[in-house]
Amino acid sequence: MPNNNAHPKHNIDRDRLVDLYRTMRRIRAFEEAAEKASLSGQVGGAVHLSIGQEAVAAGVCANLRKTDQITTTHRGHGHCIAKGTDPGAMMLELFGKEGGTCGGKGGSMHIADFKVGMLGANGVVAAGIPIAVGAAHGAKLLGEDRVVVCFFGDGAINRGPFMEGLNWAAVFKLPVLFVCEHNGFASTTHSDAVTAGPGANARAESLGVEAFTVDGNDVAAVDSMVGDLIPRIRGGSGPKFLSAHTYRLKGHTSVDPAHYRDQEYAAAQWEQDPLRRATAELRRLGLSKEQLASIDNEADAEMAVVTDAAEAAAPPALEQAFADIQDIGAPVWREQS
Amino acid sequence: MPNNNAHPKHNIDRDRLVDLYRTMRRIRAFEEAAEKASLSGQVGGAVHLSIGQEAVAAGVCANLRKTDQITTTHRGHGHCIAKGTDPGAMMLELFGKEGGTCGGKGGSMHIADFKVGMLGANGVVAAGIPIAVGAAHGAKLLGEDRVVVCFFGDGAINRGPFMEGLNWAAVFKLPVLFVCEHNGFASTTHSDAVTAGPGANARAESLGVEAFTVDGNDVAAVDSMVGDLIPRIRGGSGPKFLSAHTYRLKGHTSVDPAHYRDQEYAAAQWEQDPLRRATAELRRLGLSKEQLASIDNEADAEMAVVTDAAEAAAPPALEQAFADIQDIGAPVWREQS
Amino acid sequence: MSTISYQEAALQAVAEEMRRDRRVWALGEDLGRGGVFGQYGGLLEEFGPERIADTPISEATIMGASVGAALVGTRPIVEMRFADFALCAVDEMVNQAAKARFMFGGQARVPMVIRQPSGMWRSSAAQHSQSLEAWYAHIPGLIVVAPYTPADNKGLLKTAIRCDDPVIYIEHKDNWALQGEVPDDADYLVPLGAARLARTGDDLTLVTWSKMVGVAEQAAELAAEQGIGIEVIDLRTLWPWDQEMVFASVAKTKRLMVVHEAVQAGGFGAEIAATVAEHMAHVLTAPICRMGAPRAPISYAKPLEDLLRITPEQIVATAARQTGV
Amino acid sequence: MSTISYQEAALQAVAEEMRRDRRVWALGEDLGRGGVFGQYGGLLEEFGPERIADTPISEATIMGASVGAALVGTRPIVEMRFADFALCAVDEMVNQAAKARFMFGGQARVPMVIRQPSGMWRSSAAQHSQSLEAWYAHIPGLIVVAPYTPADNKGLLKTAIRCDDPVIYIEHKDNWALQGEVPDDADYLVPLGAARLARTGDDLTLVTWSKMVGVAEQAAELAAEQGIGIEVIDLRTLWPWDQEMVFASVAKTKRLMVVHEAVQAGGFGAEIAATVAEHMAHVLTAPICRMGAPRAPISYAKPLEDLLRITPEQIVATAARQTGV
Ligand SMILES: Cc1ncc(C[n+]2csc(CCOP(=O)(O)OP(=O)(O)O)c2C)c(N)n1
Ligand SMILES: Cc1ncc(C[n+]2csc(CCOP(=O)(O)OP(=O)(O)O)c2C)c(N)n1
Ligand SMILES: [Mg+2]
Ligand SMILES: [Mg+2]
């Protein structure tokens with residue numbers, strides 16, 4: 001049995017790490033802005049932050065083509081940005097405004113951006129798994145050269161569609177990379193407490209899907225591992241599974257103080273913040289503090305601009321409430337008093 | 001890792017094997033009668049025969065107490081008889097008559113007999129798994145000393161509730177024995193063709209449920225293996241999983257000629273008929289042809305009697321169509337023209 | 001025109017559409033052996049296992065993977081085997097397939113046909129006999145079709161396959177053998193949302209669908225002997241339903257009866273009855289009347305099962321009361 | 001009597017019933033931290049993790065295991081978190097829980113309460129906002145309850161827990177904070193199947209339930225200023241529903257309006273409207289009228305979401321048309 005749990009030796013190129021860092025920083029800046037807007041009430045609905053988990057999004061998506069596709073979850077801002085979705089359109093979506101990725105009709109949990117291969121976040125845990133598998137099935141049927149990456153959490157591996165979807169991908173030998181972001185929590189529950197057996201990888205292997213593990217807070221490690229896996233999947237070797245171990249530095253939603261976790265442990269986890277670790281590595285590779293600060297500032301500035309724009313933007317036209325339901329049998333819009 | 005795949009050495013007592021043989025023979029006789037009644041149109045609905053798989057039912061249930069419980073599937077006649085359900089009531093049920101296990105309202109796919117711990121067959125593949133797990137959960141909550149056995153097929157291991165149910169049983173450390181009857185088929189499909197990975201046991205182990213394999217056509221082997229497992233489960237060691245390898249000698253339903261399978265292979269499988277194998281073993285242990293024939297004849301006679309009785313029995317009173325729906329809000333029976 | 005069965009008509013529809021459009025494929029359990037009712041017979045031989053895909057027993061993923069495959073441009077025909085098993089895939093049908101287009105702001109479409117063989121059939125008992133069309137009619141984003149004639153099963157299935165939105169396609173299990181004249185034309189399409197006037201009559205409008213159309217026609221025949229003219233409307237599509245035809249008929253007959261096999265309480269008949277009550281109360285000369293099943297699970301024993309079946313005689317008796325004849 | 005919230009009332013009901021009957025337990029995700037809306041707050045401390053059970057994210061098995069646990073004599077309270085997630089457990093609810101008693105010929109009972117927080121709530125979008133009570137009312141074997149007042153949320157939840165049949169228990173997410181007088185009595189029970197006359201009036205009977213009761217009461221207030229007397233009936237239990245009270249009220253007012261948050265097409269309002277049309281056409285002086293949501297998924301953006309909310313003003317305008325004032 002190959003040792004799938006070893007971290008690949010990575011000797012990352014400085015420019016590549018700068019790019020990965022920039023992606024992570026942009027995700028962080030976006031979510032910090034989203035968090036503020038959520039707490040101030042400008043953004044409605046539930047907002048799930050991936051702060052602390054950015055290395056997975058950045059490291060995975062850096063290895064994808066624009067024509068490749070992903071599905072994600074309720075905690076998907078990072079995956080969207082890393083796959084190339086415009087944060088401006090995303091912020092408009094969070095604010096429920098015209099010009100949002102979904103015209104303001106989906107919100108944080110339903111961001112989608114088909115033109116960059118982002119097939120949708122999902123409000124139902126594990127529901128994106130069969131959808132990703134089906135997208136890969138579709139690619140195979142259409143003879144299109146695409147890989148589909150399916151992101152989900154450690155809580156999702158206890159839902160039936162997880163097992164069904166992996167078995168399906170293996171039976172039909174589909175080009176899917178399953179990425180389980182193991183952040184320790186299923187909402188306010190420690191995922192360990194409700195998950196039996198040796199873990200996600202054993203489940204994947206038992207379903208015929210070769211499984212790998214990576215330090216999900218080490219962006220270079222994720223990049224290297226996925227850089228190895230994607231060409232194999234593209235080459236027709238069937239689905240693969242990757243467990244990325246990380247930590248959710250914030251609560252389940254923007255308003256969850258997460259009192260249920262060991263506060264000392266949680267605080268200590270900030271040492272493992274993937275941004276902090278990448279910063280250290282970049283400094284080691286010779287990047288100056290000023291160069292790093294300029295990336296940070298650029299990201300913050302970008303997100304300040306999109307937030308201001310989202311605040312100022314118009315709400316969707318009311319008739320959008322009845323648009324894009326179905327071609328026949330949908331309600332007819334009538335201006336109301 | 002313990003070698004769970006070895007057949008346990010069994011040195012079975014002759015009397016015990018006679019009892020197991022008798023159970024198997026009664027199941028066979030019941031199903032041969034049911035098959036005839038189905039083909040003649042006296043029994044409606046779908047009838048799924050377990051002919052060739054009797055050793056699993058007999059070998060497992062011989063190790064259960066009356067207070068222990070089981071759930072089964074669409075192919076459950078054998079499990080019912082082995083658990084102690086009266087074949088007379090079962091045959092009445094198949095004929096849709098008064099006095100049937102379910103008053104004629106369930107039919108072959110919904111036989112239940114709570115007084116002997118038979119919690120129900122099920123028309124939905126894998127649906128019995130969470131129900132069995134819940135019955136065990138209930139036993140634990142109520143502090144009752146019971147083991148629950150959950151029977152299902154190799155096709156069921158591709159449904160989500162299979163995975164969810166096993167994880168649940170392991171998380172809550174419930175007294176359940178999962179028995180997967182691997183008969184090679186999921187309806188008309190070879191189960192291998194739609195099942196990825198190394199098999200049911202690997203799936204179970206990955207979910208934290210220790211798994212074992214047995215030759216499901218060797219009733220003494222099943223008996224011995226389960227005789228070992230049940231006390232451990234009863235002792236609080238948590239759920240266990242058993243794959244019983246067997247073969248469905250008939251079609252999926254009584255009317256399925258099973259043209260889709262290799263006819264030569266299928267014919268050869270009759271050599272492995274558990275009844276035939278037990279006969280040989282009993283002969284080796286000194287049972288005479290006559291003694292065996294008398295068991296066979298007794299079983300046939302018993303089932304002839306119950307079939308005649310079922311044929312002659314009255315249909316359920318019409319008002320039963322509206323009975324036992326719910327205490328309030330159920331339709332009121334009115335004699336119709 | 002050829003005289004073929006309801007089942008053969010569906011088979012023709014699928015084969016023709018698969019020939020016409022490479023993106024169309026079918027998936028479900030046992031399809032390679034023709035499907036559980038033979039309604040895919042021979043398709044594997046023509047189209048191969050990629051497009052007539054045998055699946056694991058994984059209803060949630062049959063449905064969910066179809067949503068994904070539809071989102072990226074294929075056109076899956078999803079076989080659920082029995083409508084009852086679709087209950088293992090409701091999140092995928094209702095939270096995903098029905099909502100994706102809207103929720104994503106119109107970026108993508110979900111062209112899929114979800115075949116759900118329905119209804120009471122030969123003592124199949126409570127878990128293999130349900131008629132749940134009312135559920136799907138209640139869900140925004142879904143189209144609901146329930147053909148009765150073989151011709152409609154060809155024309156509507158073809159239209160459903162060409163439709164860019166998800167369609168719940170309900171075939172009645174008791175109809176597979178029903179024979180009828182079916183156009184041979186590979187472009188024979190029946191529009192969604194249009195009812196079929198099965199029989200004209202002056203005294204009472206009877207709206208129904210699926211297998212009950214045949215029962216209603218028999219009832220109309222019997223009623224005619226008693227001098228009651230029943231106009232039978234075969235709704236064919238439940239959502240959107242043909243209000244225009246129903247209203248026009250009620251305007252003429254001034255009486256409405258709705259008949260369906262499904263449970264009456266909360267059945268789709270309630271929607272039709274309520275809509276007519278709201279809009280046509282002024283023309284009605286008799287109270288609206290619904291006939292559906294009692295709110296009871298379906299029994300296995302034949303006499304009990306039969307008790308839940310609506311008969312032509314019951315319809316005639318009710319029609320006689322309603323028309324005062 | 002104490003003034004407490006809808007959420008606290010439910011908490012009281014569960015705690016009291018768990019004290020009273022050791023067989024009662026609750027299971028679902030995150031219950032140990034009080035549940036997603038705090039409606040289980042503090043119960044873990046009193047009853048321990050066996051009876052306030054944190055589960056995996058396995059809706060199908062939360063439901064299915066509860067069926068098994070109910071069949072053997074426990075009385076599970078099943079928390080589905082959002083009604084939308086119950087769609088991951090429909091086989092278990094509809095094919096198993098609802099049918100087991102009947103299908104097994106009355107050998108066993110399935111006493112379980114399935115809590116489904118429902119309805120639109122703070123821009124929760126299409127997958128966290130649905131009202132699907134009509135579905136469950138259509139299924140034989142299920143009881144359906146949708147309380148509006150805090151007192152009813154105590155009394156009905158207690159009755160539901162004591163009920164020997166499966167109960168779909170629908171709490172409106174926008175109601176959690178609603179304050180009201182609630183009896184302290186640990187034996188305060190509200191009977192299933194009995195509606196509540198929320199307000200009397202002579203001109204129009206308005207039947208509604210759940211959060212819409214409050215909206216209807218506001219509408220009645222406004223309408224009274226215009227001289228229209230609206231009688232508001234809070235149905236509370238949808239199946240079985242209180243025909244007697246509705247019929248008596250319609251006999252008096254001679255007009256019926258049904259209002260619900262759920263999609264109007266195929267909503268439970270259709271059942272009430274149809275039943276009244278069938279039985280009381282002779283007394284009605286105006287057409288029946290339903291007000292429900294358009295058949296559209298629920299948008300995230302607040303102005304679009306609001307568009308699907310029925311307002312007191314809309315009800316008054318409709319009532320004015322209906323009563324000709
Ligand atoms: C089917 C379903 N059940 C429950 C929920 C509520 N819920 C939303 S997120 C979540 C936790 C998910 O945990 P995990 O998969 O690990 O993702 P994470 O939040 O950690 O990113 C839960 C229970 C849901 N959205 N869908
Ligand atoms: C959820 C569901 N899907 C499909 C079916 C139809 N069906 C009945 S039995 C069966 C095959 C089951 O195979 P297996 O679990 O191996 O049991 P076996 O028939 O071999 O005993 C299928 C697909 C069903 N009853 N329920
Ligand atoms: Mg997690
Ligand atoms: Mg099998």
Side-chain angles (χ1 to χ4, degrees), chain A residues 43-46 74 93-98 100 102-110 122-127 153 155-162 186-191 193-196 252-253 256 259-260 315-326 329-333 336-337, chain D residues 27-36 38 44 49 53-62 64 81-82 84-89 91-92 120-130 263-265 292-309 311 313-314 317:
Chain A
V43 163
H74 57 287
E93 189 61 33
L94 264 62
F95 275 74
K97 297 293 180 72
E98 199 172 83
C102 309
K105 294 178 6 174
S108 166
M109 271 196 280
H110 305 297
N122 213 306
V124 178
V125 168
I157 69 168
N158 291 324
R159 275 208 65 222
F162 164 82
S187 189
T188 70
T189 301
H190 285 84
S191 59
V194 289
T195 309
H252 175 57
T253 62
D256 170 19
H259 288 316
Y260 44 83
L318 291 181
E319 58 262 39
Q320 286 303 313
F322 294 172
D324 288 315
I325 299 170
Q326 51 193 89
V332 177
W333 168 252
Q336 296 187 312
S337 53
Chain D
L27 68 167
E29 300 147 15
D30 303 307
L31 296 201
R33 264 77 48 231
V36 72
L44 176 72
D54 272 339
T55 69
I57 309 177
S58 303
E59 279 73 12
T61 297
I62 295 172
R81 197 173 181 120
F82 283 73
D84 314 73
F85 306 156
L87 302 191
C88 302
D91 171 59
E92 293 74 13
M120 283 186 279
W121 180 67
R122 303 190 194 164
S123 297
S124 297
Q127 290 177 338
H128 286 72
S129 302
Q130 292 168 91
V263 165
Q264 179 170 315
R295 196 171 175 281
I298 292 155
S299 288
Y300 168 75
K302 194 169 183 316
L304 305 196
E305 187 194 42
D306 280 343
L307 209 61
L308 300 190
R309 288 195 160 87
T311 63
E313 292 72 24
Q314 287 167 345

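From a predicted model like this one, the values you see are computed outputs, not experimental measurements. All values below were derived from every heavy atom in this structure, side-chain atoms included, with hydrogens, water molecules and symmetry-related copies excluded.
- Side-chain atoms of Leu307(D) and Trp333(A), non-hydrogen and from C-beta on, do get closer than 4.5 Å to each other.
- Between Leu308(D) and Phe322(A) the shortest side-chain heavy-atom distance falls below 4.5 Å.
- Of the listed residues (Val125(A), Val194(A), Leu318(A), Asp256(A)), the one with the most heavy-atom contacts under 4.5 Å to chain D is Val194(A).
- The side-chain heavy atoms of Leu27(D) and Ile62(D), taken from C-beta on, include a pair separated by under 4.5 Å.
- Between chain D and the options Pro315(A), Ala186(A), Ala127(A), Ser187(A), heavy-atom pairs under 4.5 Å are most frequent for Ser187(A).
- Of the atoms belonging to Thr195(A), not a single heavy atom falls under 4.5 Å from chain D.
- Distance alone, capped at 3.5 Å, is enough to place a donor-acceptor pair between the Asp84(D) side chain and the Gln130(D) backbone.
- A tilted orientation is assigned to the rings of His252(A) and His74(A), their planes being inclined by 30° to 60°.
- Contacts of Asn122(A) with chain D are made by both backbone and side-chain atoms, with heavy-atom separations under 4.5 Å.
- There is no contact between Ala60(D) and chain A, counting heavy-atom distances below 4.5 Å.
- With a 4.5 angstrom heavy-atom cutoff, Gln326(A) touches chain D only via side-chain atoms.
- For Ala317(A), the part lying under 4.5 angstrom from a heavy atom of chain D is the backbone only.
- Only the backbone of Thr55(D) has a heavy atom closer than 4.5 Å to any heavy atom of chain A.
- Under the side-chain hydrogen bond (donor to acceptor under 3.5 Å, both in side chains) criterion, Thr61(D) pairs with Glu164(B), sequence neighbours left out.
- Between Tyr300(D) and Glu93(A) the shortest heavy-atom distance is CE2-O, 3.1 Å.
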Would you mind writing out the side-chain donor-acceptor pairs for residues 102-110 of chain A within the sub-3.5 Å range, not counting sequence neighbours?
residue	atom	partner	partner atom	Å
Lys105(A)	NZ	Gln320(A)	O	2.9
Lys105(A)	NZ	Ala323(A)	O	2.7
Ser108(A)	OG	His77(A)	NE2	2.8

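- Scanning all heavy atoms of the two residues, the minimum distance from Ile57(D) to Arg159(A) falls at O-CG, 2.7 Å.
- Heavy-atom distances place both the backbone and the side chain of Val43(A) under 4.5 Å from chain D.
- Contacts of Leu87(D) with chain A are absent, with no heavy-atom separation under 4.5 Å from either backbone or side chain.
- Taking Arg122(D), Arg295(D), Gln127(D) one by one and counting their heavy-atom pairs under 4.5 Å with chain A, the maximum is reached by Gln127(D).
- Both the backbone and the side chain of Val124(A) come within contact range of chain D, judged by heavy atoms closer than 4.5 Å.
- Both the backbone and the side chain of Pro316(A) come within contact range of chain D, each with at least one heavy atom under 4.5 Å from a heavy atom of that chain.
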